[in-house]
Amino acid sequence: TSRILPNVITKRILDEAGVVNELSTNLDAQVSDALQRIYAYQLYDGGWNWWKGPESDPYMTAYVVYGLLETQRSGYAVSDVVLMNGLNYLKNNLPYLNNNAPDWERNRQAFILYVLAEGGELLPGAPELNYLYKNNDRLSLYGKAYLAQAIHLLDSEDERIDSLLSGLQAGATISASGMHWEEEYRDHYNWNSDTRTTAIVLNTYVQIDPENPITASAVRWLMINREGNHWASTQDTTWTLIALVNWLSQQGEFNPQYNFAIGLNGNTLSEGKTDPQNLTEVTQVKIELEKMLKDETNFLVISRGNGDGNLYYTAFLNATMNVQEVEPVEQGIFVMREYFALDDEETPVTSAEMGDLLRARLTVVAPSALYYLAVDDPLPAGFEAVDSTLQTDTAVPSTITIAGLKERGWGWWYFNNVQIQDEKISFAANYLPAGTYVYTYLVRASNRGTFNVLPPSAFEFYFPDVSGHGAGSTFVVR
């Protein structure tokens, strides 16, 4: 869903701008493929799971249904049966909240109600909606934003909307880079971050009060807080694109007319003109590091002439290093990988004979609980994974034996999705309690040579700043 949503949103803005090009054609094919996968993953009760698991998850189902509604709104044909089954699942599995319900469940309920309202399956005066509003002091800022949009969809004149918007405006943080919203705590269960909250609040104002100057200030903050050409996580990127595209549509940004120029240290690097005909074209300028001043400040100047439309730009630095120079980094997660001969579980090896079987041992240390964890363990170019146990079920074993620990490691049952790829092994866990986890598997040294070994890495999928990676190394196959 995080893949299809940006695509359909992009297609919608291209259609509004009257642009038909190779990009729009490619988007059609990608959306069609994504829809087929979504249909195939729907479970018998109408819901979806985070991975291809056997039990439906209400929050993931709401996210998928929202994606299908946005796809339909962008002009694509969506299966009515699949969509209605998803909506019915949400209606039939709407949690009952009481005063003891944790705040994250309330935020989740707000999103589900918003999706039901978008799908036309939420009635005005729904008791669940009234309960959330009555207790909206327990909602995070993004939960209040979802609630405001749900109420607005049911009745745009509802007085409760103004109250919720006033609360959002009062909760804004203003800085030189624009306006954004910061939550009191990080809602791990609902994949939320401050960037995502800012995007959701922006989209709420665009839908309800598009002329409010808050919108332009929030757009500025979101554009400044990119990481290269994207935002920190798939959720940040998806919701930011939704908000920005809706804002662009409201502002009529499809008829720009202006000249621009880019310069560095007094030298012109590029110049051009923006108009409706080249609306989707991006000017990219790359500067080699050796061409920049070493002991002085570098001045990058981007100028814009008179005319309609806004100029959007980003500047960032990419740097690479040899894999042998990569040192371990721990930012909330420690991860390490070692290789061992099968007859010696104590001494790590950095060389082997071609055809040898080795045991890879991946260690992950979580100082605190982790949510939606992704782990990538790259394979050296001369290796192949051969361990069939990687594809076994993830049920907690009834007994723990020494032999089992040597074969599988400790805590592997938390990893509910394991994928074997040519270049790496990928693991994922919805939740990982604080502790130390060891995952082992077999690899074969299949080609001779000296190979660079990329470090293993681990990160929270929706909070990638919580991460860590091991050290780079080399491995010799004789």
Side-chain angles (χ1 to χ4, degrees), residues 51-52 322-330 333-366 373-429 432 435-459 467-478:
W51 294 107
K52 293 180 287 185
N322 293 327
V323 68
Q324 297 92 336
E325 300 173 358
V326 176
E327 298 291 335
V329 171
E330 179 183 350
I333 306 173
F334 171 84
V335 58
M336 177 179 67
R337 178 239 297 112
E338 298 170 299
Y339 296 110
F340 297 87
L342 297 187
D343 58 357
D344 184 354
E345 302 286 343
E346 301 296 329
T347 309
V349 298
T350 57
S351 64
E353 300 294 328
M354 188 176 74
D356 282 355
L357 281 176
L358 302 170
R359 190 177 303 281
R361 180 188 299 168
L362 184 71
T363 302
V364 177
V365 179
L373 177 71
V375 182
D376 287 334
D377 188 10
L379 294 169
F383 280 29
E384 59 178 336
V386 297
D387 192 1
S388 61
T389 60
L390 283 169
Q391 296 182 349
T392 60
D393 65 71
T394 57
V396 178
S398 57
T399 59
I400 303 295
T401 64
I402 297 298
L405 291 175
K406 288 183 177 180
E407 180 183 0
R408 298 296 304 277
W410 170 262
W412 50 264
W413 49 87
Y414 282 103
F415 295 92
N416 53 1
N417 186 278
V418 181
Q419 297 181 3
I420 305 174
Q421 302 177 43
D422 290 340
E423 75 282 3
K424 66 180 179 179
I425 308 295
S426 296
F427 311 85
L432 200 67
T436 299
Y437 302 87
V438 179
Y439 206 114
T440 66
Y441 59 93
L442 298 180
V443 294
R444 186 186 303 278
S446 54
N447 293 297
R448 290 189 177 94
T450 300
F451 303 100
N452 290 327
V453 186
L454 296 175
S457 61
F459 59 96
S467 63
H469 66 71
S473 62
T474 59
F475 199 98
V476 178
V477 180
R478 297 181 293 271

**Request:** With side-chain contact (heavy atoms from CB on, under 4.5 Å) as the test, would you mind laying out the steps for Val438 and Leu362 before giving the verdict?
**Result:** CA-CA 6 Å; Val438 179; Leu362 184 71; over 6 Å; no
**Request:** Given side-chain contact (heavy atoms from CB on, under 4.5 Å), test Leu432 with Tyr437 step by step and report yes or no.
**Result:** CA-CA 9 Å; Leu432 200 67; Tyr437 302 87; 3.6 Å; yes
**Request:** For side-chain contact (heavy atoms from CB on, under 4.5 Å), just list the numbers for Met336 and Val365, CA-CA rounded to whole Å, side-chain angles, deciding distance to a tenth of an Å, and then say yes or no.
**Result:** CA-CA 9 Å; Met336 177 179 67; Val365 179; over 6 Å; no
**Item:** Worked check of side-chain hydrogen bond (donor to acceptor under 3.5 Å, both in side chains) between Asp377 and Tyr439
**Value:** CA-CA 11 Å; Asp377 188 10; Tyr439 206 114; over 6 Å; no
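Annotation: the span from Tyr441 atom OH to Ile425 atom CD1 amounts to 5.0 Å, rounded to 0.5 Å. Here the CG atom belonging to Asp376 is positioned 3.5 Å from the NZ atom belonging to Lys424, to the nearest 0.5 angstrom. Considering CZ of Arg361 and CD of Glu338, their distance stands at 6.0 Å, rounded to 0.5 Å. Rounding to the nearest 0.5 Å places CG of Leu454 at 8.0 Å from CZ of Arg337. How far CG of Asn447 is from CD of Glu384: 8.0 Å, rounded to the nearest 0.5 Å. With rounding to the nearest 0.5 Å, the separation of CZ in Arg359 from CZ in Phe340 is 10.0 Å.
Between Thr363 and Val335 there is no side-chain heavy-atom pair separated by less than 4.5 Å. Proximity of Leu357 to Val386: side-chain heavy atoms (C-beta onward) are separated by under 4.5 Å at one or more points. Residues Leu358 and Leu442 are not in side-chain contact: their nearest non-hydrogen atoms beyond the backbone lie 4.5 Å or more apart. For the pair Phe451 and Val477, the minimum side-chain heavy-atom distance is below 4.5 Å.
The side-chain hydrogen bond (donor to acceptor under 3.5 Å, both in side chains) check on Gln324 picks up Asn452, with sequence neighbours excluded. Residues meeting the side-chain hydrogen bond (donor to acceptor under 3.5 Å, both in side chains) test with Ser457, sequence neighbours left out: none. Among residues two or more places apart in sequence or in another chain, the salt bridge (charged side-chain N to carboxylate O under 4.0 Å, His left out) test is passed with Arg444 by none. Among residues two or more places apart in sequence or in another chain, the ring-ring contact (aromatic ring centres under 6.0 Å, His included) test is passed with Phe383 by Tyr339, Phe475. The salt bridge (charged side-chain N to carboxylate O under 4.0 Å, His left out) check on Asp356 picks up nothing, with sequence neighbours excluded.
Counting all heavy atoms, side chain and backbone alike, Ala385 lies closest to Val443 at CA-CG1, 4.2 Å. Of all non-hydrogen atoms in Pro378 and Pro456, the two that sit nearest each other are CD-CA, 3.9 Å. Nearest heavy-atom pair across Gly470 and Pro455 is O-CB, 3.1 Å. The shortest non-hydrogen separation linking Ala458 to Leu373 is CB-CD1, 4.3 Å.
The backbone N or O of Thr347 lies less than 3.5 Å from a partner atom in the side chain of Asp344, making a donor-acceptor pair. Side chain of Ser446 to main chain of Gly382: a donor-acceptor pair is present (N/O by atom type, distance under 3.5 Å, no hydrogens or angles).
Under the side chain to side chain donor-acceptor pair (under 3.5 Å) criterion, the residue pairs touching residues 469-478 are Ser351-Arg478, Glu353-Arg478, with sequence neighbours excluded.
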